[in-house]
Number of protein chains: 2
Amino acid sequence: MSPYDPADFPPFAVTVDLVVLTVRRDALCALAVRRGESPFQGCWALPGGFVRADEDLAGAAGRELSEETGLLAYDPGGPVPAAGGAHLEQLATYGDPARDPRMRVVSVAHLVLAPDLPAPRAGGDARSARWAPVESLLGEGPGAARDGEQAVRLAFDHGRILADGVERARSKIEYSSLATAFCPPEFTVGELRRVYEAVWGVALDPRNFHRKVTGTPGFLVPTGGTTTRQGGRPAQLFRAGGATLLNPPMLRPEV
Amino acid sequence: MSPYDPADFPPFAVTVDLVVLTVRRDALCALAVRRGESPFQGCWALPGGFVRADEDLAGAAGRELSEETGLLAYDPGGPVPAAGGAHLEQLATYGDPARDPRMRVVSVAHLVLAPDLPAPRAGGDARSARWAPVESLLGEGPGAARDGEQAVRLAFDHGRILADGVERARSKIEYSSLATAFCPPEFTVGELRRVYEAVWGVALDPRNFHRKVTGTPGFLVPTGGTTTRQGGRPAQLFRAGGATLLNPPMLRPEV
DNA sequence: GCAAAAGTGTTAAAGCTACACCCATGA
DNA sequence: TCATGGGTGTAGCTTTAACACTTTTGC
């Protein structure tokens, strides 16, 4: 093989696509943007865009994220849990020759876990953006189109990418402290439990959950404050501790 | 944003690189090839090559694998454990602008777990290939350069890619049945245990290990045969069962 | 017989599940 | 006072870790 010669390899376009997840009103939601151009004009799609010539992949993902949502990724490049800051990590790369009808595009998908935000901000190019429950985007389960939520089909292979991202999030909160990335900087044990319940779609025993998370060293750090924002007896407030790997892991009940 | 215009995005070269792991003489080893050209001429590197214009990413990885080793990936595209067939899955994508001094190259790394093979086969382009213990390639631990093994520095960012692949393999055999991909089609419980010990670098209790793997439904299927190839009392032979996820997982002892 | 590897039994500690029960607030 | 969510105690079960012990081969 001779040294790199333009004739040796076909040129590719490289993009980043973002699976941005949050928990809103006890449901796992993903950020979707409306496409303004063909193909799939008017369809919902994942946010994303081209990687620039001088840009790292994680850097491109962080830039797209802030352009689309105003969110700042806490640490592009490495998985770092941080309550109140968005977590960003690489998800997988999609390169089917037919995934874009116009040209050869390889997309490096990234996964973002964000706390609940006031409202999504549409990009500068006037496309609209919304948080949609993942089940309505994936056609998953019986509630796929309930409550006036429209079941939609995402553009390109974005349905597959979203499904992979959701699966990654579901399994990762099991053995890491990443669930705190869905929470505000200070949160209660009950709020953290509702995150697990929304992401997994199951009910957890509040008493055993409380014992488990407070008993796992490094997971939660009490701030000393309390809150009654959920009603009932005042609850202690916590910040995310430094631990990233949970040992033993949280146990996801059988489905 | 206007429809795709060649001026909108810079062209990238897209390659696949392979982390091919096997267990030889109770050590976790990776396949390395000698570079025949600049830069890093004469250095060791991971096998890999350009993705073709009409080719899927997993297809390119499978093609490179068979070109370099003669191995057939059992199921390119999906993680499927199979004793006797190589397992192939996507690992991660590396796209630092400076990772290749000549041009912008994005590499989609793949992870291959293979049973011990007679000998690596050099590619058609006369580059030499060898199995090297991962610790000698990573500079890991006290045995990094023992036994006449030369500690080497891999070309480009391949050291980082290899480290990520090894870490993926180490964690994945914990909760999946992938360790069987390192075994021949029929194997004993002791042989499987030595795989875990080599990959994790720890000693496991043979009695508890035996109970655990034979008691996990779907992990192992007895073939009825026995062998004494390891010496001592004849051991039952097993094939990999259909289960891919182990519940409960194998427990990796604390380090 | 002896070494070596396979495989079974047993026991104590640790972890999990389920649920009874009490606590502190707002309405 | 009542509803609501927060938090503790505890009994029973399952899983794990450590190790004694038996089995079946090759030499």
Side-chain angles (χ1 to χ4, degrees), chain A residues 23 25-26 174-175 183-184 186-198 200 202-239 243 245-255, chain B residues 25-26 174-175 183-184 186-198 200 202-239 245-255:
Chain A
V23 174
R25 287 180 271 115
D26 292 330
E174 217 166 336
Y175 57 89
C183 295
E186 298 199 350
F187 54 89
T188 68
V189 172
E191 288 163 351
L192 183 62
R193 176 171 49 80
R194 278 180 281 277
V195 164
Y196 274 92
E197 292 178 330
W200 284 345
V202 297
L204 300 174
D205 184 304
R207 291 91 50 124
N208 293 335
F209 183 88
H210 185 281
R211 225 191 323 262
K212 176 95 177 186
V213 296
T214 56
T216 298
F219 193 2
L220 300 183
V221 177
T223 66
T226 61
T227 183
T228 59
R229 62 188 175 219
Q230 301 292 337
R233 166 178 168 181
Q236 280 185 268
L237 284 169
F238 295 87
R239 284 183 294 102
L245 258 48
L246 302 184
N247 210 291
M250 301 295 301
L251 289 186
R252 170 154 47 159
E254 301 296 321
V255 201
Chain B
R25 285 179 273 117
D26 292 329
E174 218 166 335
Y175 57 89
C183 295
E186 299 199 349
F187 53 91
T188 68
V189 171
E191 287 163 352
L192 183 62
R193 176 172 47 80
R194 277 181 281 276
V195 164
Y196 275 91
E197 292 178 329
W200 284 344
V202 298
L204 299 173
D205 184 305
R207 292 96 58 148
N208 292 335
F209 183 88
H210 186 280
R211 226 191 321 264
K212 176 98 175 185
V213 296
T214 56
T216 298
F219 193 4
L220 300 182
V221 178
T223 66
T226 62
T227 181
T228 59
R229 62 187 174 219
Q230 301 293 337
R233 168 175 165 180
Q236 280 184 271
L237 284 168
F238 294 88
R239 283 182 294 104
L245 259 48
L246 301 185
N247 211 292
M250 300 297 301
L251 290 185
R252 168 154 48 160
E254 300 298 320
V255 201

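Chain letters run A, B, ... following the sequence lines, proteins first, then strands; residues in each count from 1.
Extent of DNA chain D lying under 4.0 Å from chain B heavy atoms, first and last nucleotide in 5' to 3' order, is D:dT16 to D:dT25.
For the helix from C:dG1-D:dC27 to C:dA27-D:dT1, the end axes, each set by the C1' atoms of five terminal pairs, are bent relative to each other by 0° (nearest 10°).
Whole-Å rounding puts the B:F238 CZ to C:dA6 C1' distance at 11 Å. For the pair A:M250 CE and C:dC16 C1', the interatomic distance rounds to 12 Å; values are reported in whole Å. Distance, B:F209 CZ to C:dA5 P: 16 Å, rounded to whole Å. Summarising the geometry, the separation between CG on A:L246 and P on C:dG15 is reported as 14 Å, rounded to the nearest angstrom. When rounded to the nearest whole Å, the span between NZ of A:K212 and C1' of C:dG15 equals 8 Å. Atom P of nucleotide C:dA18 and atom CG of A:L204 are separated by 11 Å, given to the nearest angstrom. Per the geometry, CG belonging to A:L251 stands 14 Å off C1' belonging to C:dA14, to the nearest Å.
The OH atom of A:Y175 sits 10.5 Å away from atom CG of A:L246, with the distance rounded to the nearest 0.5 Å. A distance of 11.5 Å separates CG in A:L237 from CG in A:L220, rounded to the nearest 0.5 Å. Taken to the nearest 0.5 Å, the CD atom of A:Q236 stands 8.5 Å off from the OG1 atom of A:T226. Taken to the nearest 0.5 Å, the SG atom of B:C183 stands 13.5 Å off from the CZ atom of B:R239.
The aromatic rings of B:Y196 and B:F209 sit perpendicular, their planes meeting at an angle over 60°, well past the 30° parallel limit.
A distance-only check finds a donor-acceptor pair linking the side chain of A:K212 to the backbone of A:P249 [under 3.5 Å]. A:T216 places no side-chain N or O within donor-acceptor distance of the main-chain N or O of A:F219, the cut-off being under 3.5 Å. Side-chain atoms of A:E197 come within 3.5 Å of backbone atoms of A:L204 as a donor-acceptor pair (strictly under, hydrogens ignored). The closest donor-acceptor contact from the side chain of A:T188 to the backbone of A:E191 lies under 3.5 Å.
The minimum heavy-atom distance linking A:M250 with A:W200 is given by the pair CB-CH2, 4.0 Å. The two atoms that bring B:A198 and B:D26 nearest to each other are CB-O, 3.6 Å, heavy atoms only.
Contact annotation for B:R229: no contact, since no heavy-atom pair falls under 4.0 Å across all strands.
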Tell me, for nucleotides 19-27 of chain C in 5' to 3' order, what letter each nucleotide earns: B for a base near a protein heavy atom under 4.0 Å, S for only sugar-phosphate near one, - for neither? BBB-BBB--
